[in-house]
Amino acid sequence: MVVKRLSLAGSLAALLALTGCPSRPAHVAGPAKASAPPLQQSTARAEAPAAVPSQPAPEAPTQEVAAQAQRDRDLIASVEKAYHAGLDNYQQGQLAAARANFDYAVDLMLRCNCDIRQDQALSGEFDHIVDAVDTLEMDALRQGGLQSAQTESPVDVAGNIMVPASANVTATATAELKTTHSDLPLVMNPYVAAYIDFFTNNSRGHASIVDSLERMNRYKAMIQAVLRHAGLPEDLIYQAVAESGFRPQIVNRRSGAGGMWQFMPWGNYGLVHNAWVDQRFDPVESTEAYAREIKADYDQFGDWYLAMAAYDWGAGNVQRAVQRTGYADFWQLYQRNNLPQETKNYVPIILAVTIMAKNPKQYGLADVTPDPPLVTDAVTTDYEVSLRLVSDIVGAPVQEIEAMNPSLLRMSTPPDDSFDLHLPAGTGPVFRKDIAEIPVDKRRYWRMQRVTAGDTLETVARKWHVTVRELAFVNQLSPDADLTGTDPLVIPVAPSSEPRALRGALYRVRRGDTLITIADRFGVTPEQLRRWNHLHGNAIYMGHVLYVAEPARVSARARYRHSSRSRRTTASTHSRRKTKAVRRKATTRSHPKKRSSHHKTTTASRRGTKKSTG
């Protein structure tokens, strides 16, 4: 379409700049090739300020600090190398290779066994690399849909048909039109007949129609419900065939128009477009915006063909063409060359597709296998959660989660706004239960893994490059816990916003400690300590090990299993001790001389122990 088109180079660059750094204004770049946000230089590379003569020279860095700085530089160099390799592949259209490079770059940061948030040299690099990679991944998903001719819309495939339809096709189409029922006015003329001929007898044109009609069934019920609610003809659904072939993530390479109804990035359509979400790619939101636009165009012109032309070219342009010629008739404007070529093709293509879809047998469409309707569970979020974590929880590939939420510009939901997250049907309750176990501020980075046979804390920790202590802590397990029958494990793979939380998360109660003094020492409240440690009052005892930072919210069912296993272990230990005592007693009775010696040694040992703890 013409009114909704803009230079893709500028719009894509603006998108990348916007999503890469949402707190700064977007900068539109000039090159036609997609550009990515430059990697932030680490503070380790910054030049030191000039020394002030009157002040003593700073002490030389210790060997440990120098070694850490070198490790930072080596890590950042590796990350930048992987990132730029991915960027090169991305710009060359090698999207699978680019995705592998980007994933590797992120994994290098996440699995470096270093405290990124505490390390100033790495913190900014990490945030920037995640934002940049997430942006490029989501954009690559859309660009990936444009790599083959099959993904082109019928308008792009057909172009400008100069050859008239055969007499046989024209006669057949004219006869069939008399029995075709539609809530749109349908007409047969040489322009419409030429496109019917092309989409029937041209293999590429026919494939584009088949592909579109198969996909249409995913969204058909939703689109027709929106049109019906707006009081519009339901057969306007076929306008989406001409616009996008029912691809919600398609982006026009020439203009930057995007989504099922091909809205431009700019314009007052009532769609949200910010650093996190672009509702042009949301099937429901964009369909509702389309219904508002086409209804306004029809109210202005009172003619469906002119309304379609206005949607493509702009109502103001169509109005001026009507005023110049004095004809408020699409076909008159067509014949007088008062419309751009694309708009001249646009309306006949919609009519041709409508007639063919309503007469499938005559046009070789009887064997079209419609896709199943898209059915999802919707969960409203007002927090940031990584789509990778969502994938872990619901057990679906991350690409499937992306496809169900095409309006997301990053690999996560927006942190401060309400968002309807779509999940595979039936997984909503599972997501609500499992996501509640992860603290809100960790949902962008942490992951989750289902426990399988043979898994231990050690093997899982090794897989994710975390320590057994960290893994045990966030899941409220002992380091030697048996994972049989446990709930999914929460994996703290990413840096915490409180970098020392995991290292100092456990505290052993000392003499004189109270719940209030411990809470004050660690900057938490007594209520938090009671909740994290499942205490019913303020009573604690010396030697008691307490959580002093928030672990994952392991479900009560999992805690019951773990505590049951602990009770079984305690009972078993008690039984073994009792058996040993009986055996020792039997042995000493049969050897009375040894009993006396043993008794003296044990008594002395006990006295020594008692004296030392005195």
Side-chain angles (χ1 to χ4, degrees), residues 110 134 375-405 408 410-415 418-457 459-461 463-466 468 470-478 481-497 501-502 505 528 531-534 547 549-565:
L110 294 183
D134 285 354
V375 180
T376 65
D377 284 1
V379 175
T380 301
T381 66
D382 56 2
Y383 50 82
E384 185 177 4
V385 57
S386 164
L387 297 190
R388 296 181 182 91
L389 175 58
V390 175
S391 171
D392 294 340
I393 293 174
V394 303
V398 68
Q399 292 85 354
E400 183 178 343
I401 305 301
E402 291 173 345
M404 289 182 175
N405 299 276
L408 289 176
R410 303 180 176 209
M411 290 290 290
S412 60
T413 58
S418 176
F419 180 81
D420 288 337
L421 179 66
H422 293 277
L423 307 171
T427 64
V430 175
F431 177 81
R432 291 186 184 92
K433 180 182 81 68
D434 287 351
I435 197 64
E437 296 182 2
I438 300 180
V440 173
D441 60 335
K442 309 297 192 298
R443 293 174 185 176
R444 180 182 180 186
Y445 304 108
W446 283 13
R447 302 289 295 273
M448 185 170 281
Q449 176 180 316
R450 304 280 167 183
V451 175
T452 59
D455 280 342
T456 65
L457 283 175
T459 60
V460 174
K463 173 184 175 182
W464 292 97
H465 296 269
V466 297
V468 171
E470 289 174 337
L471 189 60
F473 165 67
V474 298
N475 291 279
Q476 300 187 37
L477 298 170
S478 62
D482 179 9
L483 298 184
T484 304
T486 61
D487 282 341
L489 287 177
V490 176
I491 314 294
V493 295
S496 168
S497 60
L502 293 177
Q528 287 174 314
R531 185 172 70 251
W532 298 338
N533 294 279
H534 317 298
Y547 292 113
E550 184 177 17
R553 299 181 179 89
V554 179
S555 64
R557 180 167 56 88
R559 287 197 299 269
Y560 176 78
R561 282 201 299 271
H562 300 325
S563 61
S564 298
R565 196 158 48 242

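When reading the values below, keep in mind they use all heavy atoms of this one structure, side chains included, and skip hydrogens, waters and symmetry mates. Along the sequence shown, residues are numbered consecutively beginning with 1.
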Sorted by chain and number, sequence neighbours left out, side chain to side chain donor-acceptor pair (under 3.5 Å) with D420 holds for T380
Sorted by chain and residue number, the side chain to side chain donor-acceptor pair (under 3.5 Å) partners of R450 (sequence neighbours excluded) come out as D434
Atom pair [atom1]/[atom2] of [X] and [Y] - distance to nearest 0.5 Å:
X: S386; Y: R444; atom1: OG; atom2: CZ; answer: 8.5 Å
X: L489; Y: M448; atom1: CG; atom2: CE; answer: 8.5 Å
X: R388; Y: M411; atom1: CZ; atom2: CE; answer: 4.0 Å

Quick one, [X] and [Y] - any side-chain contact, counting heavy atoms below 4.5 Å?
X: V390; Y: F431; result: yes
X: Y445; Y: V493; result: no
X: L471; Y: P492; result: yes
X: V474; Y: K442; result: no
X: Q476; Y: Y547; result: yes
X: I438; Y: L389; result: yes
X: I393; Y: V430; result: yes
X: L387; Y: E402; result: yes

Is [X] reaching over with its side chain to a backbone N or O of [Y], donor-acceptor style, under 3.5 angstrom?
X: D377; Y: L423; result: no
X: N475; Y: A472; result: no
X: R443; Y: I435; result: yes

For A378 and R432, the nearest pair of non-hydrogen atoms, with its separation, is O-NH2, 3.6 Å
On a heavy-atom basis, the closest approach of D487 and E437 is OD2-OE2, 4.3 Å
Ignoring hydrogens and geometry beyond distance, is a side-chain donor-acceptor pair present between W464 and Q449 at under 3.5 Å? yes
List in chain and number order the residues that pass side chain to side chain contact (heavy atoms under 4.5 Å, CB included) with [X], two or more places apart in sequence or in another chain; answer none if no residue qualifies.
X: A396; answer: V394, E400, I401, P424
X: D382; answer: none
X: T381; answer: Y383, T413, F419, L421
X: V468; answer: L457, E458, A461, P479

Would I491 and W446 satisfy side chain to side chain contact (heavy atoms under 4.5 Å, CB included), going step by step from the backbone distance to the final call? CA-CA 6 Å; I491 314 294; W446 283 13; over 6 Å; no
Using the rule given for side chain to side chain contact (heavy atoms under 4.5 Å, CB included), can you reason through L483 versus L477, listing the C-alpha separation, both sets of side-chain angles and the distance that settles it, and then say yes or no? CA-CA 9 Å; L483 298 184; L477 298 170; 3.9 Å; yes
